[in-house]
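Report on the following structure.
Just so you know, these numbers come straight off a predicted model, no measurement behind them. Lettering follows sequence order; numbering is per chain, from 1.
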Amino acid sequence: MIDPSQTTDGPAIEVANLDCGYDGKVVLKNVSFSVRRGEIFFIIGGSGCGKSTLLRHLVGLHHPTAGTVKFLGESFTAASTATRRGMLKTFGMLFQGGALWTSLTLRQNVALPLEEYTTLSFREIEEIATLKLAQVGLGGFEDYFPAEISGGMKKRAGLARALALDPAIVFFDEPSAGLDPVTSRKLDELIVQVRENFGTTIVVVSHELASIFEIADRVVMLDRAEQGIIAEGRPRDLAVDSRDPRVTEFLRRGDQLKET
Amino acid sequence: MAVNPESLEARASANAAGDALEVVLAGNWQITKPRPAWPELLGAQNPARVRLRVDEVGRWDTSLLLFLFEAQQWCRVTGAYCDTAALPEKIRTLLTQLAAAHETSVPFDRSESFLTAVGLATQDTIANAREIAHFVGECVLSTVRLVRSPRKFRWRDCLEEMQQCGAMALPIVGLVSVLIGVTLAYTGAIVLRQYGGDIYIADLVGLSMVREMGAVMTAVVLAGRTGAAFAATLGNMKANEEIDALETLGIPAVQFLVLPRLLALGVMMPLLALYANALGILGGLIVAYGLLSIPPAAFWVEMLTIVDLSDITTGMVKAVTFGLIIGLAGCLRGLQAERSAAGVGRAATSAVVTALLLMIVADAIFAVLFNALGV
């Protein structure tokens, strides 16, 4: 496993004083944290605390009312439309339900970002799409449509699509949601494998405690009442050392679950 | 004979002792079955103290709590003392929760004052107009981008949509058009026969179909068939985060999803309108021949005396415009849909209503414009 402390480059993601919200509602205020390169970083917290909202602001699906987000040292929030489009190539995202385009086969789903952003030949694109699908264990399913595969397979296909452009950062929105524990664990292994193979920075939004203790290098914990971050650090350290009962209550339950 | 405990009804008995009343509950208390009523049990009694107790209660649920709560409320109103000490701890806890829920379940008043309603409606209208302008502008910009790099256009999607909204719509458009032609001919015959002008049925049907009814009726059919389908498809894609997935890849949804559909409708609408014109005229010709004994050749020759290329062009201009309106309304409402099943349904309805409204407005503008231009 890569030790994040060994990475000497600047952070992959820097979030400073970010205010998040939508439809006039403020969900999070003054959120600041940074994610090191090659790190598996979790955004955790109870339901409704704003984890997914924060993620949507990070990837540009919502516009923050204040604050900045920098990817690999370059400001994403202050970037022009053209620069933003260029920066979008540096990260991929796996949505909660996979969000595969239902009218396209798995191969076409993975090929689309390549068609959009590269000048590769049709044949090369097909080969890369097949390779990416094989890397997530979906070899042989290239010509299936999303409706013909299971929930876990959809997520893996979504991951293959997110990895199509070999991004430096991959975001995961609740990757374990709706999956059985075995499939969920396999997806965790896949996330670690992606980081090991490509040095990809991984940001995961989750409240799945088993995953948090198994693969997270560091976490930030959000709280609904606080409208912001209440803890940051290694999950096991927080579970043991945190003086905040909200943090220990959340994380120790996971530790107990793991021990039983 | 053994009594089936499930069959025991909910029972309540009241024993008076001085100014006190002991209420004993027994049997199975289930919300789906009838339960004793507190006023009936109480009758004309007016105790100063009510003691609640359960005895041999089998299965029980909220039904028991409702009865006890009713008794408690009566005590509160009349000032009688309600003694619940004999009730099991579990029931007392639930009773406290029920009392708390009763206190907080006051219906929330959602009514608005007239001025607030007008203000909100105005805000909505302005926001809606801004969104439409933004969407149309985005479509124009995406079109310009695609003209510069046509390789990125989704031709395959466009062809599929052409088949869906064009070829697959032929039967319904054909049927509607024939019937419109028949209706026009019948209606015209009522007046024209009185003046011996039977032959002018051909002019009436031909001109109406080519200039107006062909394009309008095709648009009405396509607004319900294709516009609603566009809205439902895009709304569903939004609910499944497929649109978000496009955005995070930097692929504009307008370029990927909207333009192929717009082009498909823009191309297929005039073709369908031409087809509708032909079948509408055929419907009129059949009625003219069957009802008024006008030979088809005479019908055709008479029609050509009044219908010329400018009339056909007029109809085609309208058809292209209506096609674009239907496509824009369907895609816009789909992209605006809320992320829920009900949201998708509302988007489909809204797409049809918006398309029909804008279409009628455009038709009226065309009428004035063509009249001014003398076309």
Quick check on [X]: does its [atom1] atom have over 12 non-hydrogen neighbours (other residues, nucleotides or ligands) under 6.0 Å away?
X	atom1	value
A/F33	CZ	yes
A/K186	NZ	no
B/R156	CZ	no
A/K154	NZ	yes

Minimum heavy-atom distance between [X] and [Y], given as atom pair plus value:
X	Y	result
B/P252	A/R85	CD-NH1, 4.2 Å
B/A245	A/A99	CB-O, 3.9 Å
B/E242	A/W101	O-NE1, 3.0 Å

Please report the interatomic distance [atom1]([X]) to [atom2]([Y]), rounded to the nearest 0.5 Å.
X	Y	atom1	atom2	value
A/E116	B/K152	CD	NZ	4.5 Å
B/T248	A/M93	OG1	CE	6.5 Å
A/H62	B/D244	NE2	CG	7.5 Å
A/L88	B/I251	CG	CD1	10.0 Å

Taking side chain as everything from C-beta outward and backbone as N, CA, C, O, which of these in [X] sits under 4.5 Å from a heavy atom of chain B? Side chain, backbone, both or neither.
X	value
A/L94	neither
A/F171	neither
A/R56	side chain
A/L58	neither

A/E115 and B/R151 ion-paired at < 4.0 Å: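 The answer is no: the pair does not qualify as a salt bridge.
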Who among B/L249, B/N236, B/N240 has the most heavy-atom pairs with chain A under 4.5 Å?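 Maximum pair count with chain A is reached by B/L249.
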Chain B: which of A/D173, A/T102, A/T81, A/V59 shares the most heavy-atom pairs with it under 4.5 Å?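 Heavy-atom pairs under 4.5 Å are most numerous for A/T102.
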In residues 255-266 of chain B, which residues are in contact with chain A at a heavy-atom separation under 4.5 Å?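 Within residues 255-266 of chain B, the residues under 4.5 Å from chain A are B/Q255, B/F256.
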